[in-house]
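Single-structure report; data block below.
Nothing fancy with the numbering, it's 1 onward along the sequence.
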Amino acid sequence: MPTAFQKELGTLAHRLADLCALVAIAFEDATRAVLESDRTLGGRVREDAAAVAALGAACEDQACALLALHAPREEDVKAVVAAVHAAADLTRMGGLAREVAEPRRVPVELRPALGRLGGHAVAAARALQGLLAGNGGAVLADAVALAEAAERELREEAGAAVDVVLLAAI
């Protein structure tokens, strides 16, 4: 029978899965907002990013409460710390979606690359969501590794796309 701590850790994992779903929606909308030059959709992404930040902060608070109210074992402490990292990474991804949705002119030749980048972000968020929703707190460390790898990949690809845009503007 799971302990109270394990149940709360599972609840935290499910909240993180909800956070992943919000990030995926934000990136889907951000990508469409830029590709379709839709300012209304861009405004919704800003709202989504605010919701991501709020839920991310709530997840971090819940993780801190778990540590403060229980005497977890070392492996449980690692899972809670992993949850904090995942919440922070997902919150940053929400902020990145907000930045992507900012109104700007995107050259036609870069639109396919931007669409692919958005697709990668959505796929990473959905994969992490499935991992967290399916297994609860047991796989938080794996989830953090996936979130960090996805964010790193997106930043590298986005950096290359920004370089191309800057070169095209010269």
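- Using a 4.5 Å cut-off between side-chain heavy atoms of Ile, Leu, Val, Met, Phe, Trp and Tyr, with links allowed through other members, Leu96 and Leu110 fall into the same hydrophobic cluster.
- Here the CD1-SG distance, from Ile25 to Cys20, works out to 11.5 Å after rounding to the nearest 0.5 Å.
- Put simply, the side chain of Leu132 does not reach to within 4.5 Å of the side chain of Asp18, judged on heavy atoms.
- In this structure, Ala17 and Gln129 approach most closely via the heavy-atom pair O-CG, 3.4 Å.
- Between His14 and Ala133 the shortest heavy-atom distance is CE1-O, 3.1 Å.
- Shortest non-hydrogen contact noted between Thr91 and Gly56 is OG1-CA, 3.5 Å.
- Leu69 and Val80 are assigned to two separate hydrophobic clusters, defined by single-linkage of ILVMFWY side chains at heavy-atom distances under 4.5 Å.
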Side chain to side chain contact (heavy atoms under 4.5 Å, CB included) assessment of Leu41 paired with Arg44: CA-CA 5 Å; Leu41 196 53; Arg44 190 170 355 150; 3.3 Å; yes
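- In plain terms, the two heavy atoms of Arg46 and Arg39 that are nearest each other are NH2-O, 4.4 Å.
- For the atom pair CG of Asp48 and CZ of Arg98, the computed distance is 11.5 Å after rounding to the nearest 0.5 Å.
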What side-chain donor-acceptor pairs closer than 3.5 Å can you find for residues 26-37, not counting sequence neighbours?
residue : atom : partner : partner atom : Å
Thr31   : OG1  : Phe27   : O            : 2.8

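- A distance of 15.0 Å separates CG in Leu131 from CZ in Arg126, rounded to the nearest 0.5 Å.
- Between Val122 and Ala24 the shortest heavy-atom distance is CG2-O, 3.6 Å.
- When all heavy atoms of Gly94 and Val23 are compared, the closest pair comes out as N-CG2, 4.3 Å.
- No continuous path of ILVMFWY side-chain contacts below 4.5 Å connects Met93 to Val45, so the two sit in separate hydrophobic clusters.
- Side-chain contact check for Arg116 versus Pro112: some heavy-atom pair is nearer than 4.5 Å.
- Gln6 CD to Thr11 OG1: the interatomic distance, rounded to the nearest 0.5 Å, is 11.0 Å.
- Between Leu16 and Leu19, the closest side-chain pair of non-hydrogen atoms falls below 4.5 Å.
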